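Encoded as structure tokens, here's the structure I'll be asking about.
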There are 2 protein chains.
Amino acid sequence: MKYEAVTIKDIAKVLNLSTSTVSRALRDSYEISAETKKLVIEYAEKINYRPNPIALSLKERRTRSLGIIVCEIANSFFSQVIDGIESVAYSRGYNVTFLQSHESFDKEKLSLEYLASRSVDGLLISVSTETQDFSHLTQLSNRGFPIVFFDRIVDEIDTHKVIVNNFKGVYTATTHLTEKGYKRIAYIANSEFLTLTKDRLNGYKKALGEADIEIDESLIKYCNHGGMINDEVEKVLDEIFASKKKPDAIFASSDKLTTGCLHYFKKHNIKVPKNVALVGFSNNENSDLFNPSLTVIKQPAMEMGEIATNYLLELIESKRPIKDFETRILDTEFIVREST
Amino acid sequence: MKYEAVTIKDIAKVLNLSTSTVSRALRDSYEISAETKKLVIEYAEKINYRPNPIALSLKERRTRSLGIIVCEIANSFFSQVIDGIESVAYSRGYNVTFLQSHESFDKEKLSLEYLASRSVDGLLISVSTETQDFSHLTQLSNRGFPIVFFDRIVDEIDTHKVIVNNFKGVYTATTHLTEKGYKRIAYIANSEFLTLTKDRLNGYKKALGEADIEIDESLIKYCNHGGMINDEVEKVLDEIFASKKKPDAIFASSDKLTTGCLHYFKKHNIKVPKNVALVGFSNNENSDLFNPSLTVIKQPAMEMGEIATNYLLELIESKRPIKDFETRILDTEFIVREST
DNA sequence: AGAATAAGCTCAAACGATTGCGCAATATGT
DNA sequence: ACATATTGCGCAATCGTTTGAGCTTATTCT
């Protein structure tokens, strides 16, 4: 079934006017008499006329919509970021199209192609854990397509970026663990391809160094699919707990990895914090309800989305090319609870 | 800065051909010689030509995109539904635009206007808790705009709908409570304007009736903003726990209400299930990690999204008006854990 | 009164792509 | 050799809207 919406032509035909007159009347042009304006506006109101945004987009060569690519929206951190993005975007007259990469490089590339082929005016992206090759992004960026990175950024591409102070966040959390007397602290990292993974690892190493704890590489494990692949977390935890010298604490580098650890502990009847302490990145709004309640590093997700969107709109709406790019670094929040 | 994408005209100019020839060459028309085709296709490839979807939308009078309106995506149930919607939509060549009503009727109405003004070919909606007036939806639906309801449906409008068996789900859960010996079971309901609230209430009443428990209206409390407004849950729980005859069990009618109860109990040091049992609707993937782990009614959210999207695409792509509408009722899953 | 100005409207092109139709040039048939 | 068929391409309209330019009238000025 075809849904036929009313157009300016329909109005013109009924009122015996040209489409130009109708258009000008609706836009309150000085060239149109008050009488005609009233006629047109009232009739348009009556039949509930709405201009076709597609036609406008074609004419104005802009869509007034933004593209967002994240790994998945069923994730407390990203859905909070999206809340922030949406609120700014809508208040500035833009709408928003989301795509999920599900941590797949191929899906990310396809989504990007689609969005950049003129269905959005700009892009907000947090790259997938698989992404090592940035050429798809570099090309677009070089041709002047507005892109802003948040959370999982790409160092090689020069544009606005919004991240948290990953180094400091992890340094604080790890120091908290060493001060509590934990000695064998495992690090369950996200994909090794993400820049934030390196930053976080550095924070971890610095804290251990200051506590005179030697770094044991066997306690550092990467989850290159961010915990999206079956048993990814289980596998690395199996390895860690199979060793003779078991860890006494675990640091988990993302929401998904943190809850992944908890599920593993529950399954294997490992008590937290009695057998092992746990601290991780998490924006889960219910992490205080967990058993035990979680000590977490929390990111200002909503704010991140807002700032990133403002950056993007600046790029889009600027009359001249912007060459001075900023990287905004937000502070994390460290919340101590029962798990440590 | 303006990002200038390459068009069919650019190709035509460079190759000294007409735009029609280029277009036909790219679509592999029999009217074009193999030689010209090769020329065009290779050049298009080289400069990375992508057809402008906006222009296509205008021409074909369809956008190949679907609109989704839910209260919020930072909600495990809805984000799972969206996962389902997205997977079907993309596999059928549609993309997806989300809007959040944040449980506000006005925002829902605005979003709807925007989407229906031709930026999407059809709509999937779960109405806001505030929505009592359906005229905005009725009008669109009557004019042939494809709409499919899921979860929070509107009885008055005749179209495809996807829901769960709310009556049965709650009946099962309440019976579970009565069989465990609970006598004073409170019902923390969602907005009284939602049809699912009535269905669920009926399940609750039936179960109590069968257990010869008299219905105490003071134990039935509505949260007309679905728990989105500050302290909404706290207020009703205060009322319930202020009475002399305190409840020994609580049924919570949504994800947000369920975690709302848990937060309240934690704050007021009410032990679950020792002081009071708790069972609720929840699709939270971590509800087994809570303290205590939650007994829940879980909805097949992903499946719901998939089915609803298939229905919508059927409406959109059908050649003739569809008059036979279906309401698909899915079964819930009841998972017993420590909280009861 | 005749010329200049202003008011109020219409024409047509444009945005990017598709497509029915027409028109040359060549190939084929008799 | 001439009529017809085929091949390969371009013209122009179309989708819905905006907008510069032009065209009638009516009004004002000298």
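Just so it is clear, the structure is predicted and the values come from calculations on it, not from any experiment.
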Checklist entry - Does a side chain donor of either B:Thr138 or B:Ser141 reach within less than 3.5 Å of an acceptor in the other side chain? => result no

Next on the checklist: For a quick test of reading the model: is some side-chain N or O of A:Arg61 closer than 4.0 Å to OP1 or OP2 of C:dG16?
Outcome noted: yes

Checklist entry - Looking at A:Tyr30, does any N or O in its side chain come under 4.0 Å of the phosphate oxygens OP1/OP2 on D:dT19? => result no

Item to check | Phosphate-side-chain proximity, B:Lys9 and C:dC15, N/O vs OP1/OP2 below 4.0 Å | outcome: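 So the side-chain polar atoms of B:Lys9 do come within 4.0 Å of the phosphate oxygens OP1 or OP2 of C:dC15, strictly under.
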
Next on the checklist: Please confirm whether the shortest side-chain N or O distance from A:Thr21 to OP1 or OP2 of C:dC9 is below 4.0 Å.
Outcome noted: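 For C:dC9, neither OP1 nor OP2 has a side-chain N or O of A:Thr21 closer than 4.0 Å.
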
Item to check | Side-chain-base donor-acceptor pair under 3.5 Å for B:Ser20 and D:dC9 | outcome: no

Item to check | Sugar-phosphate, base or nothing in reach of A:Thr7, heavy atoms under 4.0 Å | outcome: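 Counting heavy atoms under 4.0 Å across all strands, the contact made by A:Thr7 is with sugar-phosphate only.
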
Checklist entry - So which nucleotide from D:dG10, C:dA17, C:dC11 ends up closest to the side chain of B:Asn52? => result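 Between D:dG10, C:dA17, C:dC11, the one nearest the side chain of B:Asn52 would be C:dA17.
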
Next on the checklist: Does D:dC9 have OP1 or OP2 under 4.0 Å away from a side-chain N or O of B:Ser33?
Outcome noted: yes

Checklist entry - Run the side-chain hydrogen bond (donor to acceptor under 3.5 Å, both in side chains) check on A:Asp155 and A:Thr195 step by step: do they pass? => result CA-CA 8 Å; A:Asp155 280 340; A:Thr195 56; 4.7 Å; no

Checklist entry - What nucleotide, of C:dA17, C:dT19, C:dC15, holds the atom closest to the side chain of B:Ile8? => result C:dA17

Checklist entry - Among side-chain atoms of B:Glu86 and B:Asn95, is any donor-acceptor pair under 3.5 angstrom? => result no

Next on the checklist: At 4.0 Å (heavy atoms only), tell me whether B:Leu17 reaches a base, stays on the sugar-phosphate, or touches nothing.
Outcome noted: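 Sugar-phosphate contact only - B:Leu17 comes under 4.0 Å of backbone atoms but never of a base.
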
Item to check | Pairwise 5' ranking along DNA chain D for A:Glu31 and B:Asn16, keeping only the more 5' one | outcome: B:Asn16

Next on the checklist: By the 4.0 Å heavy-atom rule, please label A:Arg27 as base, sugar-phosphate, or nothing.
Outcome noted: sugar-phosphate

Checklist entry - So what does B:Ser57 hit on the nucleic acid, given a heavy-atom distance under 4.0 Å: a base, only sugar-phosphate, or nothing? => result nothing

Next on the checklist: By the 4.0 Å heavy-atom rule, please label B:Ser29 as base, sugar-phosphate, or nothing.
Outcome noted: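 No contact.
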
Checklist entry - Separation of B:Arg62 atom CZ from C:dT18 atom P, in whole Å? => result 14 Å

Item to check | N or O in side chain of B:Thr36 less than 4.0 angstrom from D:dC9 OP1/OP2 | outcome: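 Answer yes for this pair, as a side-chain N or O of B:Thr36 is under 4.0 Å from OP1 or OP2.
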
Checklist entry - Which nucleotide sits closest to the side chain of B:Leu58: D:dC15, C:dC11, C:dA17? => result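 Selected nucleotide (nearest to the side chain): D:dC15.
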
Checklist entry - Below 3.5 Å, does any donor atom in the side chain of B:Arg50 face an acceptor in the base of C:dG16, or the other way round? => result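 Check fails, no donor-acceptor contact within cut-off.
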
Checklist entry - Are A:Asp106 and A:Ser104 close enough that a side-chain donor and a side-chain acceptor fall under 3.5 Å? => result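 No - no donor-acceptor pair under 3.5 Å links their side chains.
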
Next on the checklist: If you only use heavy atoms from C-beta on, which nucleotide in D:dT17, D:dG20, C:dA17 is closest to the side chain of B:Pro51?
Outcome noted: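 For the B:Pro51 side chain, the nearest candidate turns out to be C:dA17.
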
Checklist entry - Between B:Glu108 (side chain) and B:Ser128 (backbone), is there a donor-acceptor pair under 3.5 Å? => result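 Indeed, once roles are kept as given, a pair shorter than 3.5 Å links the two residues.
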
Item to check | Pairwise 5' ranking along DNA chain D for B:Ala55 and B:Ile32, keeping only the more 5' one | outcome: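 On the 5' side of the pair lies B:Ile32.
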
